[in-house]
Student: 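Mind looking over this structure? Questions follow.
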Amino acid sequence: MAFEQEQIGRISSDGTEQPKRPTKESVKAAQEQEKVMREREVLEEERIYRRGVVSIKDVVAPAGMKIEPSFLRLGETYVRTIFVITYPRYISLGWFSPIVNMNTTLDVAMFFYPVKAAVILKQLKKKVGMLEAQIISDSDKGAPRDPIRETALKDIEELRDNLSQGIEHFFQFALYVTLYANSKDELDRQSEEVETMFGGKLIYSKRVFYQAEQGFNSTLPLGNDELMISFNMNSSPIASSFPFISADLTSENGVLFGINRHNNSLILFDRFSMQNANLVVFATSGAGKSFAVKLEILRSLMLGTEVIVIDPEMEYKHLSDAVGGTYINVSLASDAKINPFDLPRPVGEEISTEDIIRSAVITVKGLLRIMLGQVTPQEDSVLDRALLETYAKKDITPDSDLATAEPPIIQDLVDVLEGMEGTTDLVVKLRKFTDGTFSGLFNSPTTVQVKNILVTFSVRDLEDELRPLAIYAIINYIWNVVRSERKKRILVIDEAWWLMQHEDSARFIFALVKRCRKYYLGVTTITQDVNDFLRSPYGQAIVTNSAMQLLLRQSPAAIDNIQKTFLLTEGEKFLLLEGGVGEGIFFAGNKHAAIKVVASYSEDQIVTTNPQQLLDIERAKKEYEESTGSFESDIEAGVSGTI
């Protein structure tokens with residue numbers, strides 16, 4: 001009856017059937033379907049939007065890729081993969097290091113496929129049986145012994161023992177090297193260089209052929225070996241292929257330069273064990289170059305090495321006072337005078353007096369060119385003749401005894417020039433160094449003595465115009481002292497870019513750096529103005545004639561020049577841009593390593609260049625002196641009271 005009523009309820013009064021009312025389930029399903037459609041529209045709009053947005057993939061990906069039979073072209077870059085097919089019987093530890101340290105861009109992929117010991121032992125057992133059968137057969141036939149088979153049998157038996165005892169494991173080892181170059185010729189040259197390195201160790205390699213894409217994919221950091229070219233090898237020779245071998249700059253003798261950041265070992269090095277003892281230090285202001293050099297000075301003094309320093313900013317005063325050194329302040333008003341006309345007094349070697357006089361004339365003439373500025377060829381000739389006459393005026397001739405001779409001063413040169421024709425301009429220019437403002441600098445006999453294990457010459461109180469002149473004269477004086485007595489010495493020239501501003505002084509420094517080895521002298525050249533220093537042809541030559549280089553943090557403006565000069569990789573370039581204070585790269589001959597200069601607490605208190613630390617040290621000194629003075633006065637008062 002209920003069913004009939006329900007059916008009747010669906011029929012209208014006029015007899016037509018009414019549509020069904022939607023249920024909750026159908027309404028919900030329709031809403032969900034509409035929601036899905038809206039989400040699809042939104043996703044489609046987002047997908048269309050993303051097509052016009054530059055992603056990281058778009059930035060990193062090359063413009064295109066062209067696959068050639070033996071190489072790829074990724075945009076403007078040429079790519080080739082080289083794989084190893086066989087190895088010799090013996091291979092040395094670190095044989096792969098020269099390839100990893102090549103100054104070129106490359107990717108290296110190593111794949112290791114373990115082989116179960118049971119499987120390889122079964123194969124080796126069969127191989128042993130075959131070799132023994134062949135050896136016995138040859139012996140029965142009376143044939144001579146075959147050393148190749150006997151050696152192979154011995155190696156297999158040793159490998160079986162090691163595999164059975166778990167000492168060794170067996171792998172299939174695949175090694176791929178992918179090279180990158182900017183041209184086809186450069187790619188061929190790099191490929192030949194790598195193949196030569198492999199061949200020199202009896203390791204045979206081949207270039208990919210019609211598998212260039214697979215080779216490139218195999219060396220991407222994806223872990224996919226698409227070449228599948230492997231060689232059977234046990235774990236010991238595989239371990240020798242480990243590429244990450246850091247440079248070791250530790251020796252039995254020498255001073256501690258810092259910590260090797262690759263492996264935390266000590267960089268102990270004797271600069272006098274190299275082909276020359278010269279060192280160049282390049283860094284920006286505040287990177288720790290003076291700190292590092294002063295630390296080497298302090299440690300060299302403990303080994304008995306004499307050190308002479310040219311200090312342009314009085315940064316070495318605290319160090320000199322701490323070790324009892326001699327600190328000479330060269331200025332217009334100071335009592336310390338250096339006569340540029342001084343002559344060396346060689347001891348223990350036969351050098352003619354005439355050669356010494358001519359060498360002195362050339363050196364003084366270089367100083368005069370800096371003093372006078374532009375010198376014409378006629379004036380240069382006049383100066384040459386005038387200098388010889390000036391020395392002759394003091395009875396310094398090729399027949400003289402230099403041990404008792406008194407060298408002239410610049411006033412003597414002016415007197416000689418006044419008696420010559422066509423020298424009016426020269427006399428006027430030199431007057432200011434004899435009677436004018438600058439008369440207190442060179443117009444006097446030498447009053448300084450280098451008789452201490454540490455001697456520091458300060459030129460801080462000189463005007464910028466006079467600094468190159470004073471440094472030139474000081475270095476000439478030091479060079480005369482060095483040639484007079486052969487000792488183990490270090491000469492430190494801080495802010496050497498002052499001397500690179502003038503060709504004559506730059507040439508003089510270059511000659512000093514090139515010749516100092518014969519007199520047991522090592523020259524340390526420090527500069528923060530790297531571009532000006534390297535822009536000079538003599539600056540480049542000084543770097544070439546320095547067996548050691550220390551590069552600390554560099555400025556972005558100079559890093560490209562540094563990278564080109566020292567053949568740095570991109571990683572080393574980034575290290576110099578982002579390194580902290582005292583962090584950089586230390587070069588010693590063909591070796592180099594990342595370094596961090598470290599000092600003990602006592603050393604840091606002596607060599608620090610931090611202004612705040614220096615103020616704290618001075619304050620602590622005053623407090624100590626005041627407390628000591630008051631303590632002594634109390635003792636004296638107590639003694640007098642007792643009396």
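Bear in mind that the values here come from a model prediction, so they are computed numbers and not experimental data.
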Student: Between Thr527 and Lys289, is a side chain to side chain contact (heavy atoms under 4.5 Å, CB included) present by the stated rule, with each step listed?
Tutor: CA-CA 9 Å; Thr527 184; Lys289 58 184 183 299; over 6 Å; no

Student: So which of Asn561, Asp560, Ile562 actually passes side chain to side chain contact (heavy atoms under 4.5 Å, CB included) with Asn531?
Tutor: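 Exactly one candidate clears the test, Asn561.
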
Student: Quick check against the 3.5 Å criterion: does Asp311 have a side-chain atom that pairs as donor or acceptor with the backbone of Met314?
Tutor: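 Answer holds: yes.
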
Student: Quick one: does Val330's side chain get under 4.5 Å of Ile328's, heavy atoms only?
Tutor: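 Yes, side chains in contact.
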
Student: If only atom types and distance count, is the side chain of Ser320 paired as donor or acceptor with the main-chain N or O of Tyr316 below 3.5 Å?
Tutor: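 Absent.
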
Student: Side chains of Thr326 and Lys451: does their closest heavy-atom pair fall under 4.5 Å?
Tutor: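 No. Closest side-chain heavy atoms not under 4.5 Å.
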
Student: Hey, would you say the Trp479 and Tyr519 ring centroids sit under 6.0 Å apart?
Tutor: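 Between Trp479 and Tyr519, the centre distance is under 6.0 Å.
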
Student: Identify the heavy atoms of Pro340 and Leu367 that sit nearest to each other, and give their distance.
Tutor: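 Distance-wise, the nearest heavy atoms are CB-CD2, 3.4 Å.
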
Student: Quiz question: by atom type and distance under 3.5 Å, do the side chains of Glu572 and His592 form a donor-acceptor pair?
Tutor: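 Side chains of Glu572 and His592: pair found under 3.5 Å.
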
Student: Evaluate the criterion salt bridge (Lys or Arg N to Asp or Glu O under 4.0 Å) for residue pair Glu389 and Lys393; output intermediate values, then yes/no.
Tutor: CA-CA 6 Å; Glu389 292 185 12; Lys393 184 180 177 182; over 6 Å; no

Student: Say whether, by atom type as modelled, one donor and one acceptor occur between the side chain of Thr434 and the main chain of Ile410 under 3.5 angstrom.
Tutor: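 Here the side-chain-to-backbone pair does not exist.
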
Student: Report the C-alpha distance between His318 and Ile617 in whole Å, list the side-chain angles of each, state the deciding distance to 0.1 Å, and finish with yes or no for side chain to side chain contact (heavy atoms under 4.5 Å, CB included).
Tutor: CA-CA 10 Å; His318 188 52; Ile617 292 172; 4.0 Å; yes

Student: Is any NZ, NE, NH1 or NH2 atom of the basic residue among Arg619 and Asp616 found under 4.0 Å from an Asp or Glu carboxylate oxygen of the other?
Tutor: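 Salt bridge between Arg619 and Asp616, a charged N being under 4.0 Å from a carboxylate O: yes.
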
Student: State, yes or no, whether a side-chain contact exists between Leu417 and Leu430 at a heavy-atom distance under 4.5 Å.
Tutor: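 SC-SC contact between Leu417 and Leu430 confirmed.
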
Student: Take Asn253 and Ser273, measure what side chain to side chain contact (heavy atoms under 4.5 Å, CB included) needs, and give me the verdict at the end.
Tutor: CA-CA 9 Å; Asn253 302 313; Ser273 65; over 6 Å; no

Student: Could you label the plane-to-plane angle of the Tyr538 and Phe510 rings as parallel, tilted or perpendicular, counting under 30° as parallel and over 60° as perpendicular?
Tutor: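 Tyr538 and Phe510: tilted rings.
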
Student: Hey, could you give me the CD1/CD1 distance between Ile471 and Ile509, rounded to the nearest 0.5 Å?
Tutor: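 Rounded to the nearest 0.5 Å, the CD1-CD1 separation comes to 8.5 Å.
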
Student: Between Asp380 and Lys365, is there a salt bridge with N-O shorter than 4.0 Å?
Tutor: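 Yes, this pair counts.
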
Student: What distance separates Asn278 CG from Leu521 CG, expressed to the nearest 0.5 Å?
Tutor: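 Going from the CG atom of Asn278 to the CG atom of Leu521 covers 7.5 Å.
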
Student: Please check: side-chain N/O of Lys294 versus main-chain N/O of Val607, any donor-acceptor pairing under 3.5 Å?
Tutor: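 Here the side-chain-to-backbone pair exists.
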
Student: Going by heavy atoms in the side chains, are Leu332 and Leu466 under 4.5 Å from each other?
Tutor: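 They are in contact (side-chain heavy atoms under 4.5 Å apart), so the answer is yes.
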
Student: Taking Ser265 for the side chain and Asn260 for the main chain, is one N or O donor matched with an acceptor at less than 3.5 Å?
Tutor: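 Not confirmed, Ser265 side chain does not pair with Asn260 backbone.
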
Student: Backbone N or O of Thr376 within a donor-acceptor pair of the Glu379 side chain at under 3.5 Å?
Tutor: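 The answer is yes, because a donor-acceptor pair under 3.5 Å joins these two groups.
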
Student: Taking the side chain as every heavy atom from C-beta outward, state whether Ile308 and Ile490 have any atom pair closer than 4.5 Å.
Tutor: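 No, every pair of side-chain atoms sits at 4.5 Å or beyond.
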
Student: Is Lys317 salt-bridged to Asp321, cutoff N-O under 4.0 Å?
Tutor: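 Answer for the salt bridge query: yes.
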
Student: When rounded to the nearest 0.5 angstrom, what is the spacing between CZ in Arg261 and NZ in Lys596?
Tutor: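 Arg261 CZ to Lys596 NZ: 7.5 Å, rounded to 0.5 Å.
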
Student: List, one per line, each side-chain donor-acceptor pair under 3.5 Å for residues 540-552, sequence neighbours excluded.
Tutor:
from, atom 1, to, atom 2, distance (Å)
Gln540, NE2, Leu534, O, 3.3
Thr544, OG1, Gln540, O, 3.0
Asn545, ND2, Ala541, O, 2.8
Ser546, OG, Ile542, O, 2.7
Gln549, NE2, Ser546, O, 2.6

Student: Return the OG1 to CG distance between Thr524 and Leu279, rounded to the nearest 0.5 Å.
Tutor: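 The distance works out to 4.5 Å.
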
Student: Could you pull out all residues at least two apart from Glu495 that satisfy salt bridge (charged side-chain N to carboxylate O under 4.0 Å, His left out)?
Tutor: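 If we apply the salt bridge (charged side-chain N to carboxylate O under 4.0 Å, His left out) test to Glu495, skipping adjacent residues, there are no hits.
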
Student: Which heavy atom of Ala473 sits nearest to which heavy atom of Ile338, and what is that distance?
Tutor: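 Minimum heavy-atom contact is O-CG2, 3.9 Å.
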
Student: How long is the straight-line distance from CZ of Arg517 back to CD of Gln275, given to the nearest 0.5 Å?
Tutor: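 Going from CD on Gln275 over to CZ on Arg517, the span is 9.5 Å.
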
Student: How long is the straight-line distance from NZ of Lys591 back to CD1 of Ile267, given to the nearest 0.5 Å?
Tutor: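 These two atoms lie 11.5 Å from each other.
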
Student: Going by salt bridge (charged side-chain N to carboxylate O under 4.0 Å, His left out), name the residues that satisfy it together with Glu313, two or more places apart in sequence or in a different chain.
Tutor: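 Glu313 satisfies salt bridge (charged side-chain N to carboxylate O under 4.0 Å, His left out) with Arg467 only.
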
Student: Pick from Leu266, Leu268, Val597, Ile595: which one makes a side chain to side chain contact (heavy atoms under 4.5 Å, CB included) with Phe257?
Tutor: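 Answer to the side chain to side chain contact (heavy atoms under 4.5 Å, CB included) test with Phe257 among Leu266, Leu268, Val597, Ile595: Ile595.
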
Student: To check you understand the geometry: which heavy-atom pair defines the closest contact between Gly579 and Arg553, and what is its length?
Tutor: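 Answer, listing the atom of Gly579 first, then Arg553: O-CD, 3.2 Å.
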
Student: Just by distance, no angles: are the side chains of Ser300 and Arg271 close enough, under 3.5 Å, to form a donor-acceptor pair?
Tutor: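 Arg271 and Ser300 do not have a side-chain donor-acceptor pair below 3.5 Å.
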
Student: Return yes if a side-chain donor-acceptor contact under 3.5 Å exists between Gln528 and Thr284, otherwise no.
Tutor: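 Absent: no donor and acceptor within the cut-off.
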
Student: Taking all non-hydrogen atoms of both residues, which atom of Ala360 and which atom of Leu343 are closest, and how far apart?
Tutor: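 Here Ala360 and Leu343 meet closest at CB-CD2, 3.3 Å.
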
Student: Measure from the ring center of Phe533 to the ring center of Phe282 and say whether it is less than 6.0 Å.
Tutor: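 Between Phe282 and Phe533, which both carry aromatic rings, the centre distance is below 6.0 Å.
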
Student: Closest approach of Ser331 and Lys337, non-hydrogen atoms and distance?
Tutor: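 Closest approach of Ser331 to Lys337, heavy atoms only: O-NZ, 4.1 Å.
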
Student: Quick check on Lys514: does its NZ atom have over 12 non-hydrogen neighbours (other residues, nucleotides or ligands) under 6.0 Å away?
Tutor: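 No, not enclosed.
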
Student: Does any N or O in the side chain of Thr423 come within less than 3.5 Å of the main-chain N or O of Leu426, such that one atom is a donor and the other an acceptor?
Tutor: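 A pair under 3.5 Å: no.
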
Student: Hydrogens and angles aside, do Gln613 and Asp604 bring a side-chain donor and acceptor to less than 3.5 Å of each other?
Tutor: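 Per modelled atom types, Gln613 and Asp604 side chains form a pair under 3.5 Å.
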
Student: Is the closest side-chain heavy-atom distance between Leu387 and Phe341 below 4.5 Å?
Tutor: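 Leu387 reaches Phe341 side chain to side chain.
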
Student: What closest approach, in Å, do Glu406 and Ile396 show between heavy atoms, and which atom pair accounts for it?
Tutor: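 Taking every non-hydrogen atom into account, O-CD1, 3.8 Å.
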
Student: Does some side-chain heavy atom of Phe457 sit less than 4.5 Å from a side-chain heavy atom of Val450?
Tutor: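 They are in side-chain contact.
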
Student: Is Glu193 paired with Arg189 through a side-chain N to carboxylate O contact shorter than 4.0 Å?
Tutor: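 A salt bridge is present here (some side-chain N lies under 4.0 Å from a carboxylate O).
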
Student: Without swapping roles, check the side chain of Glu583 against the backbone of Gly580 for a donor-acceptor pair under 3.5 Å.
Tutor: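 Judged by distance alone, yes, a pair lies under 3.5 Å.
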
Student: Has the side chain of Glu618 got a donor or acceptor atom that lies under 3.5 Å from a matching backbone atom of Leu615?
Tutor: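 Not at all, since once roles are kept as given, no pair shorter than 3.5 Å links the two residues.
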
Student: For Ala386, does its backbone N or O pair with a side-chain atom of Thr390 as donor and acceptor, under 3.5 Å?
Tutor: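 Yes, the answer is positive, given that a donor and an acceptor are paired below the 3.5 Å cut-off.
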
Student: Please check if the distance between the ring centroids of Phe272 and Tyr520 is under 6.0 Å.
Tutor: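 Yes, the ring centres sit under 6.0 Å apart.
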
Student: If you define the side chain from C-beta out and look only at heavy atoms, does anything of Leu491 sit under 4.5 Å from Leu512?
Tutor: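 Result yes, sub-4.5 Å side-chain heavy-atom pair found.
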
Student: The test is side chain to side chain contact (heavy atoms under 4.5 Å, CB included); show your working for Thr525 and Val523 and say whether it passes.
Tutor: CA-CA 6 Å; Thr525 310; Val523 179; 3.9 Å; yes

